[in-house]
Novice: 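Here's a structure for you.
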Number of protein chains: 2
Amino acid sequence: MTASNNATSPRRRRIPSAAVNRLPVYLQILTDLQLTETSQVSSDQLAALANVNAAKVRKDLSYLGTYGTRGVGYEVAFLIYQIKRELGLLTEWKTIVVGAGNLGSAITVNGGFASRGFPVVAIFDVDPRKVGTHVGELTVRNLDEMCDFVRVNGVHIGVLAVPSTAAQSVADDLIAAGVGSLLNFAPVVLTTTKGVTVRNVDLGVELQILGYHEQLRGQASSQPNRISV
Amino acid sequence: MTASNNATSPRRRRIPSAAVNRLPVYLQILTDLQLTETSQVSSDQLAALANVNAAKVRKDLSYLGTYGTRGVGYEVAFLIYQIKRELGLLTEWKTIVVGAGNLGSAITVNGGFASRGFPVVAIFDVDPRKVGTHVGELTVRNLDEMCDFVRVNGVHIGVLAVPSTAAQSVADDLIAAGVGSLLNFAPVVLTTTKGVTVRNVDLGVELQILGYHEQLRGQASSQPNRISV
DNA sequence: TAGATTGTTAATCGATTAACAATC
DNA sequence: TAGATTGTTAATCGATTAACAATC
């Protein structure tokens with residue numbers, strides 16, 4: 001409705017990465033709001049729901065364009081559309097999962113990623129006992145077929161749910177086959193060619209960061225390994 | 001060996017959070033190095049392995065104390081010890097997992113967190129069909145027992161691998177029972193009392209961030225949904 | 001002594017946020 | 001007009017990194 005400003009968008013401003021990391025969170029909240037039939041939202045409300053500063057919300061949203069109405073707020077549906085457009089979620093990015101263990105299965109079945117723009121189109125494993133079994137609606141394929149599959153189907157994103165020892169080699173194969181982004185769950189730092197985007201999710205690292213904060217808390221009182229209440 | 005500088009450490013400097021987030025990565029790399037019998041490492045080498053700037057490595061390590069040797073580098077074993085000390089990993093932080101689905105199981109079994117200082121001491125689920133089944137060496141307990149268990153055993157950290165709809169309520173219970181930190185896998189922003197540390201891992205958010213980068217890449221060439229090679 | 005590498009300074013860059021004019 | 005809220009400016013804060021004296 002407001003529209004058009006940069007509908008043609010000939011040259012694209014780069015959005016600061018801190019803002020890119022928050023936009024999906026706003027999107028999530030706005031989608032939830034829409035289910036409660038909320039049609040308008042202010043930066044204050046959105047900030048409260050996202051646990052951030054209202055000025056930050058306005059600044060982040062300003063990178064999308066000037067889509068708010070002073071004195072009123074933002075139209076939820078329109079903002080959802082604009083965030084999706086900016087993040088490239090109007091396109092579906094074909095995704096495959098490598099590793100059909102608990103984690104790979106959780107991601108494939110549980111993730112509900114299809115609804116968020118990331119259809120998991122295949123899952124692979126090297127273990128012949130897993131090949132042929134079902135994970136959600138998919139049949140586990142042999143790792144040997146992975147490279148061809150990526151090339152033939154134009155897969156964009158690879159999710160690595162394999163052991164650390166295998167991660168680099170699988171990553172190399174995926175990149176050679178044309179994948180542009182990797183989501184890596186193995187606790188190793190991957191070496192990649194330039195231009196490939198990697199995001200790491202290391203559950204051990206997350207816990208260790210929490211451990212640090214637990215320690216800080218324990219410090220005020222005395223013994224760290226005791227419960228304080 | 002160098003030791004003692006702040007072995008008593010009466011007042012503790014706060015380490016910048018960006019550095020806290022990287023220390024576990026260095027720890028991982030150093031542990032791997034130790035397996036290859038490497039006893040000394042320079043900031044340059046460590047930086048290459050961690051994919052960061054060498055000056056950043058030195059600065060990060062300087063928050064631990066001055067444990068390097070000019071002209072030589074750092075002793076791997078000693079650095080491992082110091083990072084563990086700083087992150088509070090010399091203590092074991094009792095951890096429970098809530099939700100015994102694929103994700104909860106992956107975390108419990110797969111994680112190998114015990115070896116990294118976070119023994120998963122129990123797993124809970126609300127589904128009576130899951131209660132009593134085994135996940136690794138643990139038996140799934142009924143969610144009803146969770147609060148008592150946390151209080152009696154002095155659990156420090158709760159991992160939320162439950163559906164979005166249940167996450168806030170489980171978080172409230174855990175906090176009331178005395179847990180200090182939460183690792184949340186549900187795609188919701190949790191509301192917590194002050195002093196509780198929360199880290200969120202939202203796999204959908206990670207993918208959406210990758211989607212943005214895929215889009216940027218696609219832009220130089222033309223059509224985003226086609227494969228470029 | 002010559003070579004190597006740390007630890008730290010200081011410059012730079014990016015992120016956050018209070019404040020407020022613009023405007024619905 | 002009065003009240004509300006955006007969009008943006010500018011101040012501040014924190015993170016990054018080049019450079020180099022200190023020193024093994």
Side-chain angles (χ1 to χ4, degrees), chain A residues 1-3 5-6 13-26 29-30 33 38-80 82-83 86 209 212, chain B residues 1-6 13-26 30 33 38-79 82-83 86 209 212-213:
Chain A
M1 317 229 143
T2 317
N5 192 351
N6 62 341
R13 330 99 302 186
R14 198 50 137 273
I15 297 184
S17 72
V20 170
N21 294 348
R22 281 186 298 264
L23 287 173
V25 178
Y26 302 146
I29 292 168
L30 290 165
L33 276 179
T38 310
S39 65
Q40 298 282 338
V41 70
S42 71
S43 59
D44 249 339
Q45 294 174 300
L46 197 45
L49 292 168
N51 240 333
V52 298
N53 184 293
K56 188 185 277 181
V57 169
R58 291 199 295 277
K59 185 132 248 240
D60 287 345
L61 296 181
S62 77
Y63 297 121
L64 307 173
T66 60
Y67 298 132
T69 306
R70 287 162 199 244
V72 179
Y74 302 86
E75 203 201 319
V76 173
F78 190 62
L79 209 47
I80 289 176
Q82 291 299 336
I83 294 178
E86 190 62 47
I209 294 168
Y212 175 72
Chain B
M1 315 230 143
T2 318
S4 90
N5 191 352
N6 62 342
R13 330 98 305 184
R14 196 51 136 274
I15 298 183
S17 72
V20 170
N21 294 347
R22 281 186 297 264
L23 286 174
V25 178
Y26 302 147
L30 290 165
L33 276 179
T38 312
S39 65
Q40 298 281 341
V41 69
S42 70
S43 60
D44 248 341
Q45 294 173 301
L46 198 44
L49 292 167
N51 241 333
V52 298
N53 184 292
K56 187 184 279 179
V57 169
R58 291 198 296 278
K59 185 132 248 241
D60 287 344
L61 296 181
S62 77
Y63 297 120
L64 307 174
T66 59
Y67 297 133
T69 307
R70 288 163 197 245
V72 179
Y74 303 86
E75 203 201 319
V76 173
F78 189 63
L79 210 47
Q82 291 300 337
I83 293 177
E86 189 62 46
I209 294 169
Y212 176 72
H213 291 282

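All of these numbers come straight from a predicted model, not from anything done at the bench. Residue numbering restarts at 1 for every chain, and letters A, B, ... go by the order of the sequence lines. We use all heavy atoms of the structure for the numbers below, so side chains are in, but hydrogens, waters and symmetry mates are not.
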Novice: Which nucleotide sits closest to the side chain of A:Pro16: C:dA15, D:dC24, D:dT17?
Specialist: C:dA15
Novice: Would you say B:Val52 and B:Asp60 make side-chain contact, with heavy atoms under 4.5 Å?
Specialist: no
Novice: Just jot down the side-chain contact (heavy atoms from CB on, under 4.5 Å) partners of A:Ala18, sequence neighbours excluded, or say none.
Specialist: A:Arg22
Novice: What integer distance in Å separates B:Gln45:CD from C:dA4:C1'?
Specialist: 12 Å
Novice: Please determine if a side-chain N or O atom of B:Tyr74 lies less than 4.0 Å away from the OP1 or OP2 oxygen of C:dA4.
Specialist: no
Novice: Compare the minimum distances between each of C:dC24, C:dA15, D:dA22 and the side chain of B:Arg70, then state the nucleotide with the smallest one.
Specialist: D:dA22
Novice: If the cut-off is 4.0 Å, is B:Thr66 near the phosphate of C:dT8, judged by side-chain N/O to OP1 or OP2?
Specialist: no
Novice: Examine C:dA4: is either OP1 or OP2 under 4.0 Å from a nitrogen or oxygen in the side chain of B:Ser43? Give yes or no.
Specialist: no
Novice: Distance check, rounded to the nearest 0.5 Å: B:Leu46 atom CG versus B:Asn51 atom CG?
Specialist: 11.5 Å
Novice: Does a side-chain heavy-atom distance below 4.5 Å link A:Val41 with A:Ile29?
Specialist: no
Novice: With a 4.5 Å limit on heavy-atom distance, are the side chains of B:Leu61 and B:Tyr67 in contact?
Specialist: no
Novice: Among residues 54-62 of chain B, which ones have heavy-atom contacts with DNA chain C below 4.0 Å?
Specialist: B:Arg58, B:Lys59
Novice: Only Watson-Crick and G-U wobble pairs with both distances less than 3.5 Å should count. Give DNA chain C in dot-bracket notation, marking inter-strand partners with |.
Specialist: ..||||||||||||||||||||||
Novice: Rounded to whole angstrom units, what separation is found between the CG atom of B:Asn53 and the P atom of C:dT12?
Specialist: 16 Å
Novice: Within the 4.5 Å heavy-atom criterion, are A:Ile15 and B:Tyr212 side-chain neighbours or not?
Specialist: yes
